[in-house]
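Below: the structure, in structure tokens.
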There are 2 protein chains.
Amino acid sequence: MRKATTTIADVARKANVSTATAGRVLGNYGYASETVRKKVQKAARELGYRPNHLARSLIRGETRTIGVVVGDIQSPFYARIIRGISDVARASDMGLIITNSDEATDLEEQSVELLMDKKVDGMIVSPCDTINAAHLRAAHEAGIPMVLIDRRVKGLEVDSISLDSVGSARAGVGDLLRAGHRRIALVAELAGTGGMTIERIMSSSPPGPPDINYHYPSWQRLLGYLLAHHDAGIAPQSDLICQVKSYSSKVAAKKAVEILRSDTPPTALFTADGVMSAGVMAAVKEVGARIPDDISLLCFDDLDWMEFMVPGIDAISQPRKQMGQMAARLLMERIADPTSEPRVLDLVPRHVERGSIRQILTTEGVNGGPDA
Amino acid sequence: MRKATTTIADVARKANVSTATAGRVLGNYGYASETVRKKVQKAARELGYRPNHLARSLIRGETRTIGVVVGDIQSPFYARIIRGISDVARASDMGLIITNSDEATDLEEQSVELLMDKKVDGMIVSPCDTINAAHLRAAHEAGIPMVLIDRRVKGLEVDSISLDSVGSARAGVGDLLRAGHRRIALVAELAGTGGMTIERIMSSSPPGPPDINYHYPSWQRLLGYLLAHHDAGIAPQSDLICQVKSYSSKVAAKKAVEILRSDTPPTALFTADGVMSAGVMAAVKEVGARIPDDISLLCFDDLDWMEFMVPGIDAISQPRKQMGQMAARLLMERIADPTSEPRVLDLVPRHVERGSIRQILTTEGVNGGPDA
DNA sequence: CTGAAAGCGCTTACAG
DNA sequence: CTGAAAGCGCTTACAG
């Protein structure tokens with residue numbers, strides 16, 4: 001069934017030239033006169049010649065393929081990143097191998113191994129552990145061009161692109177505070193890894209351990225939340241910080257309902273990601289609160305059709321696809337120039353106001369403020 | 001920076017054997033005595049030998065890589081399919097190259113070309129055109145193992161796996177009819193391609209052109225809808241068939257609002273996919289209808305957290321991840337045995353009842369029925 | 001500009 | 001069981 005494949009030798013024979021010459025015109029390298037070029041191309045066309053990239057790669061030491069390892073391609077977060085990467089790869093006429101790590105170090109190791117076996121020209125990885133990553137260090141030592149996306153690894157000096165989670169959470173919560181909100185609840189995963197605790201992060205003034213970049217995004221967003229309070233000279237209250245601990249909408253919903261039904265409920269909610277947002281929206285619905293009259297909602301997420309269903313939410317929009325595109329471009333540049341200084345990029349998400357941040361007039365504002 | 005890679009020749013030298021012998025133990029083929037085996041393995045370990053799969057592939061004519069072309073990896077539908085494929089690929093220790101077609105024939109062609117250049121051992125494609133697919137036919141002729149997912153191509157006899165859209169829509173709408181509903185609206189894309197029209201599909205009795213398998217899923221679901229009515233001896237009303245024409249939640253919402261506000265609104269809504277479902281739910285919300293008291297909702301979709309936000313919806317759940325897994329298994333089997341008969345699989349989705357189908361008592365039921 | 005030869009890193013007959 | 005040789009399909013110096 002499978003047609004015997006026609007090789008450069010076949011073309012050369014038919015065109016009455018050497019394989020070297022045929023190779024030069026077909027591979028587009030070296031010199032070749034117009035006449036020979038024509039002859040060879042004609043022969044190639046007639047024989048339906050297609051170059052064998054495997055042989056070419058073996059010699060040239062490049063496969064024109066890049067590898068990606070993400071947590072789970074099923075998640076919209078990663079799916080979009082991959083779309084961005086895929087677009088740039090296609091434009092550069094490169095292949096794209098993807099693998100999932102399920103956020104587990106051993107699977108991530110396997111993935112990196114697979115990619116190295118496939119001799120990818122470079123890889124983009126979203127590392128699942130920001131500290132233990134011997135396999136990534138090894139790959140880097142071995143000279144594989146690498147760019148980290150969404151998270152960084154302590155002491156691994158490679159190109160990386162992340163979101164400025166701290167800065168954008170700080171700005172968003174700052175907006176809420178400026179609108180007069182004084183009881184802003186934070187709903188975030190804040191899983192206890194790497195020795196980080198809420199106490200530890202709140203204990204310094206201004207808040208902020210120096211290694212925050214190596215902790216999970218939800219901790220970074222908590223830090224932004226605390227810094228915004230610090231900026232405004234307002235003491236954050238720990239009873240408003242909802243540590244969900246698991247990455248689950250249902251658990252987030254449960255916790256959010258509790259806080260909404262407390263004696264002193266918040267006037268605004270800030271969620272650290274899309275999963276928390278879904279939970280919080282279900283909770284708001286359950287307690288029958290109206291947005292934004294009863295409560296303002298600021299979500300660190302794109303929302304998409306979530307917003308379509310529940311209008312009036314504010315969002316800190318994460319440009320996931322662009323992140324993928326930028327990561328891929330960084331990688332292409334790194335492949336072209338392996339020695340230049342690593343670049344560390346921090347994207348500032350776009351804060352999309354949709355009118356959820358309702359102005360709360362303080363007594364001061366009502367009696368003596370400029371707008372009174 | 002990049003370490004000089006150690007080859008079989010290096011290992012052979014260090015172990016004092018021929019490259020052929022070293023190759024046999026390292027590649028795990030042919031015979032080798034225990035002593036030699038040990039010696040070679042020791043040398044390989046000490047030198048940190050890693051086989052070069054490129055060279056191996058060149059000779060063996062297999063890359064242990066499969067390719068996938070889907071419409072858009074960003075869409076949850078495809079992302080899950082790919083996850084399923086990816087799981088099987090990993091279990092078989094194969095790589096996975098993905099490409100997007102954006103549902104355009106020329107991009108699909110490019111994708112297939114890329115995959116063939118990469119010499120994949122087989123490909124899974126979700127064809128964007130069920131008739132024009134010369135590139136797929138060519139790839140099949142060339143002997144590339146191929147399985148089609150979600151859609152089939154007329155006259156291309158390869159393995160395929162799809163959903164039994166007609167059957168499951170028929171069953172689901174049948175449930176609505178048995179519950180007493182008589183005005184069931186259908187909201188579906190029903191884009192006009194391949195000469196299909198609502199008139200054409202409704203004109204025969206029982207409804208159903210013989211080539212329905214080669215039309216887009218929304219047409220298949222319309223057919224199921226019509227067949228259910230036919231089964232129940234009820235004439236479908238064309239004013240209840242909402243042809244959205246574009247794959248857009250917003251447009252679907254607009255159309256659904258119109259139908260919900262008509263003089264004779266439906267008592268139940270059946271949506272043909274997730275995008276339509278989102279639109280319909282927004283519409284239900286906009287007109288202030290309650291589910292299921294005012295209206296029953298049956299969605300051809302997984303719903304996921306949509307259901308989490310709007311409880312009480314019925315769903316026809318599509319096992320996308322399993323579809324991916326099954327497609328990958330079909331492909332593995334096809335690679336192992338290229339000549340056996342192609343298999344055509346139709347998955348029957350699971351109908352998940354969550355209580356949205358409210359019983360509507362007909363006059364007959366109230367006065368004379370067994371439960372009266 | 002063109003060709004003969006060597007080589008990329010493996011595997012595969014073929015002798016022994 | 002082991003080795004010398006040829007070969008997968010290209011590209012790369014090296015002569016001419």
Please check if any side-chain donor atom of B:E108 sits under 3.5 Å from a side-chain acceptor atom of B:H135, or the reverse.
-> yes

Using the test salt bridge (charged side-chain N to carboxylate O under 4.0 Å, His left out), find all partners of [X] that sit at least two apart in sequence or belong to another chain.
| X | result |
| --- | --- |
| A:R90 | none |
| B:K14 | B:E46 |
| A:D346 | A:R152 |
| A:D10 | A:R13 |

Which donor-acceptor pairs under 3.5 Å do the side chains of residues 321-333 of chain A make with protein atoms, sequence neighbours left out?
unit_1: A:E333; atom_1: OE1; unit_2: A:R343; atom_2: NH1; d: 2.7
unit_1: A:E333; atom_1: OE1; unit_2: A:R343; atom_2: NH2; d: 3.1

Check: residues 20-29 of chain B side-chain donor-acceptor pairs under 3.5 Å, at least two apart:
unit_1: B:T21; atom_1: OG1; unit_2: B:S18; atom_2: OG; d: 3.0
unit_1: B:Y29; atom_1: OH; unit_2: B:G23; atom_2: O; d: 3.4

Check nucleotides 11-13 of chain D against the protein and report each pair of N or O atoms closer than 3.5 Å, with its distance, or say if there are none.
unit_1: D:dT11; atom_1: OP1; unit_2: A:R56; atom_2: NE; d: 2.6
unit_1: D:dT11; atom_1: OP1; unit_2: A:R56; atom_2: NH2; d: 3.3
unit_1: D:dT11; atom_1: OP2; unit_2: A:Y29; atom_2: OH; d: 2.7
unit_1: D:dT11; atom_1: O5'; unit_2: A:Y29; atom_2: OH; d: 3.4

Whole Å only: how far is the [atom1] atom of [X] from the [atom2] atom of [N]?
| X | N | atom1 | atom2 | result |
| --- | --- | --- | --- | --- |
| B:Y31 | D:dG3 | OH | P | 17 Å |
| B:L58 | D:dC8 | CG | P | 9 Å |
| B:D117 | D:dC10 | CG | P | 11 Å |
| B:N16 | D:dT2 | CG | P | 13 Å |
| B:K119 | D:dG9 | NZ | C1' | 10 Å |
| A:R13 | C:dA4 | CZ | P | 13 Å |

side-chain contact (heavy atoms from CB on, under 4.5 Å) partners for B:R64, two or more places apart = A:K118, B:E62, B:M94, B:D121

Contacts of B:K38 that satisfy side-chain contact (heavy atoms from CB on, under 4.5 Å) - sequence neighbours left out = B:E34

Roughly how far, to the nearest 0.5 Å, is CG of A:L345 from CG of A:D159?
-> 8.5 Å

May I ask you to evaluate whether B:T7 reaches the phosphate of C:dG9, defined as a side-chain N or O under 4.0 Å from OP1 or OP2?
-> no

When you check the phosphate oxygens OP1 and OP2 of C:dA4, does a side-chain N or O of A:S18 lie under 4.0 Å from one of them?
-> no

Pairing string of DNA chain D (Watson-Crick or G-U wobble, both atom distances under 3.5 Å; | = paired to other strand) is |||.||||||||.|||

Could I get the full list of side chain to side chain donor-acceptor pair (under 3.5 Å) partners for B:T339, not counting sequence neighbours?
-> B:D337

Could you check which residues of residues 33-42 of chain B get a heavy atom under 4.0 Å from DNA chain D? Sort them by number, please.
-> B:S33, B:V36

